[in-house]
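One structure below.
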Amino acid sequence: MDPHAPAGHTHVVPRKSKRRFTKRQLITAAVVVGAIALAAAGAFAWSRRPAAKDTYETAVVRRGTLERTVEATGAVKAASEFSLDFDTSGRVKDVFVKVGDAVTTGQVLAELDVTDIDIEVRRARAQLAVAVATLNQKAAGESPEAIRVSEAEVAKADANLSEARTTLANTERTSALDVNNAELDVRSKDTALVQAKRERDDHARLAAETLAKRYDTARADLLKAVVSFSTSMNDMDLLLGIDSTSANDAFESILGSQNPASIETAKGAYRTAKEKQAAAERAVQGFGSAGQPVIDAAFAPVLAASEAVFDALSKTRAVLDATAPSSQLTLSELNTKKTTLTTDRTTVATDYGTVLADRSTIASTKIENANAVNTDAAAVEDAEIDLTQAKFDLETAKLDAETQVLSQRAAVAVMSAARDGAVAALDLKKAGLRAVDRAPLEASVEEARASLAIAEEGLRKARIIAPADGIVTDVAVSTGEDAVPRISASGSVQSTSAVTMLGINAEIEADISENDIIHVRVGQELVATFDALGPDRPFTGNVISVNPAETVIQDVVYYKVRIALSESSPDVKPGMTATVVLSGTRRENALIVPFRAVREVAGARVVRVLKADNTIEERAVTLGERGDQGTVEIVAGLLEGETIVVSIRPAT
C-alpha cells in the first residue's frame with residue numbers, strides 16, 4: 001500500500017524484470033554469509049566451553065625447626081661512667097689509686113679506718129666459732145668408754161635372762177598333771193577344724209559354678225548386643241550414606257531439608273558410634289575360649305557402644321523428622337524408615353539394659369561369694385583359735401602342775417625388765433642430741449652468723465670497690481680526711497663523688513620494635529657488625545638491660561636495649577652504626593606452615609585443607625610461635641604431610 005496514495009485508492013506496483021548479480025557481488029555475499037556462519041559456530045562453541053576453575057596456591061604441612069631471630073640497628077655509645085662513694089662515715093685510711101690508673105673489677109680503690117669494724121668482725125667470728133663448737137660438742141654424744149660400759153650391762157642382762165628362760169623350760173618339761181583331759185580337748189577341736197575347712201571348700205565350689213553360669217549368660221548377651229549394633233549401623237548408613245556412599249542417592253538431596261544442620265550432627269554421631277562399635281567388636285573377639293576377665297573387660301566398651309549407637313539412632317531419626325515427604329521419599333517410605341530406626345533403638349536399649357543387668361548380677365554374685373568366703377574363713381579361723389586355745393590350755397595344765405612355774409615365770413619377767421632397762425640406757429647414750437635440744441643450739445649458730453654478716457657488711461661499706469674494668473678519672477678524697485656518704489641519712493647530696501671512673505668497654509644502644517621485644521631478654525647472646533668495619537668482623541655480645549619505657553619513632557613503638565660486647569677493640573668508636581642479630585625462639589620438630597595460610601573466621605584461626613577429592617575443608621587450628629620467613633608453628637589441628645591452601649585466584 002502506497003502511503004502517499006489518496007484514501008480509497010489502491011496502488012498497483014508494476015512487476016519488475018528478473019535481476020542479475022555481478023561476480024563481485026556474489027563473492028561479497030559469500031564472504032558475508034561465511035562470516036555469519038563462523039560467528040554462529042563460535043557462539044555455539046563458546047556456549048559449550050568447560051567452566052573455568054579457580055587456581056590454588058598450596059603448601060604442604062612440614063615438620064622441622066622453627067626459628068625466630070631479632071635484627072635491629074643501633075649506635076655505639078660511650079663507656080659507662082661510675083660515681084663511687086663510701087656507704088658510711090669515717091676517716092680515710094688509704095687511697096690506693098690516682099687519676100689515670102687502670103683498675104679491674106673488684107679492686108679496692110680506697111678504704112676508711114676500719115679498726116673498730118675489724119674488732120667487731122673478729123668478735124663476731126669468735127662468737128660464731130663458740131656457737132658451732134657448742135653445737136658439735138652436744139651433737140657428738142657420749143664418749144666411747146661410757147658406751148662400752150652400757151654395752152657390758154646389756155650383755156650381763158642378756159645372760160641372766162637366758163638363764164631364767166632355761167630354768168622355766170626345764171620346769172615346763174617336767175609337768176605331766178591334767179595332760180589327758182587337755183589332749184582330749186585338743187583332738188575335739190582338731191576335728192571341728194577339719195569339718196569347717198570341708199564346708200568352706202564345698203561352698204567355694206558351688207560359688208564358682210554359680211558365677212560361671214552368670215558369665216555364660218553375660219557372654220551370650222554381649223554377643224547379641226554387638227550383633228544389634230551392626231544391624232543398627234547398617235540401617236543408619238543406608239540413610240546417611242557415609243560408608244555406603246551411594247545408598248541414599250535417591251533421596252539425599254531432600255534429606256533433613258527442614259533442618260540441614262541435623263545431617264552433620266547425625267553423621268558425627270554415626271562416626272562416634274562406629275568407633276565405639278569397633279571397640280566393642282574387638283572386646284568380644286575370642287569369647288569362645290575367653291576367661292572371665294575378658295568378659296569383665298568387654299562390659300565397658302559394649303555399654304559405651306550401646307549409648308553411642310542409641311544416640312546416633314536418635315540423631316538419625318531427627319534427620320528423618322526434619323525431612324519432608326516428596327516423590328523422592330514418599331510418606332510411606334519415610335514412615336517405614338522411621339519405624340526401622342525406632343525398632344533399632346528399642347533393640348539397642350533392651351540390649352543395653354540386659355548387659356547392664358548382667359554386669360550388676362555378676363558384681364552382686366562376686367560380693368555374695370566374697371561374703372560367703374569371709375564367713376567360711378571366719379568359721380575356720382574360729383576353729384583354729386579354738387584349737388590353739390586347747391593346745392595352750394594343755395600347756396598351761398602342764399605348767400600349772402608344777403609348783404615352781406609361777407616363780408620361774410616371775411624370774412623371767414624380772415630378768416627381761418632388767419634387760420630392757422639396760423638396752424634403753426644404751427640407746428639413750430647412742431641416740432645423740434635430740435631435735436628439741438638441737439634447735440636452740442642451731443639458733444645460736446644462726447644468730448652468730450647474722451652478727452658476723454652485719455659486721456662484714458660494715459667492713460664493705462667502708463671500702464670503695466671497682467664495679468667494672470676501667471680508668472680512674474677523678475679522686476676527690478685524701479688520706480686522713482673525714483669522709484661521709486654522698487647521700488646522707490637526711491637525704492642531702494654531696495657535690496662530688498669520692499672516686500669517679502670510666503668503663504673501658506663500649507656499649508651499643510639499639511631500638512627493638514614492640515613486635516620483637518618479647519623475644520629479647522637480659523643475658524641473651526647476639527652477634528654485632530659495624531658498617532664502618534664491614535660484615536667480615538663480627539663481634540659477640542650480650543643484652544645487659546631492656547628499658548621498660550617505650551620510645552615512639554614515626555608512630556611505631558620501640559624499646560631501647562643496651563648491649564655489651566664480649567671483647568673491646570680500639571676500632572669500635574662512639575657513634576658507629578651497628579647491626580645486631582639476636583637468637584630468639586627455637587622450636588625443634590615443630591609443624592610449620594606459611595602464616596599467610598592462616599585466616600580468622602568468627603574469632604577463630606582456621607586453615608583451608610585441600611582434600612584428596614580436590615574439595616576444601618576449613619579446619620580450626622591452634623597457633624604456636626611465629627618464625628622467620630613468614631612461618632608459624634601449628635600446635636593442634638593439622639597433620640604432617642597434609643596439603644593446605646595458601647591463597648585462591650578466582651577463575652576469569
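Any value given below was found using the heavy atoms of this structure, including those in side chains, with hydrogens, waters and symmetry copies removed.
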Walk me through it: do T643 and T58 pass the test side chain to side chain donor-acceptor pair (under 3.5 Å)?
CA-CA 7 Å; T643 301; T58 62; over 6 Å; no

With no hydrogens and no angle check, just 3.5 Å: does a side-chain donor-acceptor pair link D351 and S228?
yes

Measure from the side-chain N and O atoms of S360 to the backbone N and O of L356, and report whether any donor-acceptor pair falls under 3.5 Å.
no

Answer yes or no: does atom CG of D555 have more than 12 heavy-atom neighbours from other residues, nucleotides or ligands under 6.0 Å?
no

So, do V76 and F530 sit near enough that their side-chain heavy atoms are less than 4.5 Å apart?
yes

Mind checking side chain to side chain donor-acceptor pair (under 3.5 Å) for R537 and listing every partner two or more places apart, or none if nothing turns up?
D571

Working to the nearest 0.5 angstrom, can you tell me the gap between D531 CG and T73 OG1?
8.0 Å

So how far is it from D516 CG to Y559 OH, rounded to the nearest 0.5 Å?
12.0 Å

Nearest-0.5 Å distance that lies between atom CG in D628 and atom CD in E67
7.0 Å

Which atom names give the shortest non-hydrogen contact between V646 and P594, and what distance separates them?
CG2-CG, 4.2 Å

How would you list, by chain and number, every residue that makes a side-chain contact (heavy atoms from CB on, under 4.5 Å) with T265, sequence neighbours excluded?
K315

Pair E281-Q285, side-chain donor/acceptor within less than 3.5 Å
no

Minimal non-hydrogen separation, A590 against R587, with atom names:
CB-CB, 3.9 Å

Regarding T217 and D358, do their side chains bring together a donor and an acceptor under 3.5 Å, going by distance alone?
no

Please confirm whether the backbone N or O of E307 pairs with a side-chain atom of D311, one donor and one acceptor, at under 3.5 Å?
no

Is there side-chain contact between L313 and M236, with at least one heavy-atom pair below 4.5 Å?
yes

Is there a donor-acceptor pair closer than 3.5 Å between any side-chain N or O of T330 and the backbone N or O of E333?
yes

Residues K213 and D216 bridged, charged N to O under 4.0 Å
no

For I367, run the side-chain contact (heavy atoms from CB on, under 4.5 Å) check against N369, N371, T365 and tell me which one passes.
N371

Go through K366 and D296 one step at a time and tell me if the salt bridge (charged side-chain N to carboxylate O under 4.0 Å, His left out) criterion holds.
CA-CA 12 Å; K366 288 181 178 179; D296 287 334; 3.0 Å; yes

Could you tell me whether D202 and R205 make a salt bridge, using a distance below 4.0 angstrom between a side-chain N and a carboxylate O?
yes

Go through the steps for N335 and L331 under the test side chain to side chain contact (heavy atoms under 4.5 Å, CB included), then give the verdict.
CA-CA 6 Å; N335 288 335; L331 178 60; 3.7 Å; yes

Derivation of the side chain to side chain contact (heavy atoms under 4.5 Å, CB included) call for F539 and L533
CA-CA 11 Å; F539 291 77; L533 304 180; 3.9 Å; yes

Does K338 come within less than 4.0 Å of D321, counting only side-chain N to carboxylate O?
yes

Of all heavy-atom pairs linking I254 and A324, the shortest is CD1-O, 4.0 Å

Approximate separation, where rounding is to 0.5 Å, of Q629 CD and R68 CZ
11.0 Å

Can you confirm whether L623 sits close enough to I634 that some side-chain heavy atom of one is under 4.5 Å from a side-chain heavy atom of the other?
yes

Run the side chain to side chain contact (heavy atoms under 4.5 Å, CB included) test on L610 and I616 for me, step by step, so that the C-alpha distance in whole Å, both residues' side-chain angles and the decisive distance to 0.1 Å come before the verdict.
CA-CA 5 Å; L610 187 62; I616 293 178; 4.1 Å; yes

Are any side-chain N or O atoms of R219 and backbone N or O atoms of F287, one a donor and one an acceptor, separated by less than 3.5 Å?
yes

Beyond-backbone contact of V309 with M233, side-chain heavy atoms, under 4.5 angstrom:
yes

Compare all side-chain heavy atoms of P535 with those of T579 and state whether any distance is below 4.5 angstrom.
no

Does E633 reach the main-chain N or O of E625 with its side chain, forming a donor-acceptor pair under 3.5 Å?
yes

Examine distances only and state if a side-chain atom of Q524 and a backbone atom of H519 form a donor-acceptor pair shorter than 3.5 Å.
yes

How about I508 and M576: do any of their side-chain heavy atoms sit closer than 4.5 Å?
no

Are the side chains of V606 and V598 in contact, using a 4.5 Å heavy-atom criterion?
no

From the options E57, R608, R596, select the one residue that forms a side-chain hydrogen bond (donor to acceptor under 3.5 Å, both in side chains) with S647.
E57

With rounding to the nearest 0.5 Å, note down the distance linking CG in D344 to OG1 in T339.
10.5 Å

Tell me whether N234 contacts the main-chain N or O of S230 through its side chain, where contact means a donor paired with an acceptor under 3.5 Å.
no

Is the shortest side-chain N to carboxylate O distance from R599 to E618 below 4.0 Å?
yes

What are the two closest heavy atoms between A528 and V580, and how far apart are they?
CB-CG1, 3.7 Å

Do NZ/NE/NH1/NH2 and the carboxylate oxygens of K337 and D235 come within less than 4.0 Å?
no

Distance-only polar pair, side chains of S513 and N515, donor-acceptor under 3.5 Å:
no

Should E642 and R619 count as side-chain neighbours, where that means a heavy-atom distance under 4.5 Å?
yes

I'd like to know whether L639 forms a side chain to side chain contact (heavy atoms under 4.5 Å, CB included) with V61, so could you lay out the CA-CA distance, the side-chain angles of the two residues, the decisive distance to 0.1 Å, and finally the verdict.
CA-CA 7 Å; L639 298 176; V61 181; over 6 Å; no

For atom CD of E525, is the number of surrounding heavy atoms from other residues, nucleotides or ligands below 6.0 Å larger than 12?
no

Can you give the donor-acceptor pairs under 3.5 Å from side chains of residues 266-274 to other protein atoms, not counting sequence neighbours?
| residue | atom | partner | partner atom | Å |
| --- | --- | --- | --- | --- |
| Y270 | OH | D243 | OD2 | 2.6 |
| T272 | OG1 | G268 | O | 3.1 |
| K274 | NZ | D243 | OD1 | 2.7 |
| K274 | NZ | D243 | OD2 | 2.7 |

Does N248 reach the main-chain N or O of L239 with its side chain, forming a donor-acceptor pair under 3.5 Å?
yes

Indicate the atoms forming the closest heavy-atom contact of N542 with G523, along with that distance.
ND2-O, 3.2 Å

Can you name the closest pair of heavy atoms from F251 and L329 and give their distance?
CB-CB, 4.1 Å

In terms of side-chain geometry, is the basic nitrogen of R649 or D54 positioned less than 4.0 Å from the acidic oxygen of its partner?
no

Hey, could you give me the OG1/CZ distance between T323 and R317, rounded to the nearest 0.5 Å?
11.0 Å

So does S244 get a backbone contact from the side chain of D237, meaning a donor-acceptor N/O pair under 3.5 Å?
yes

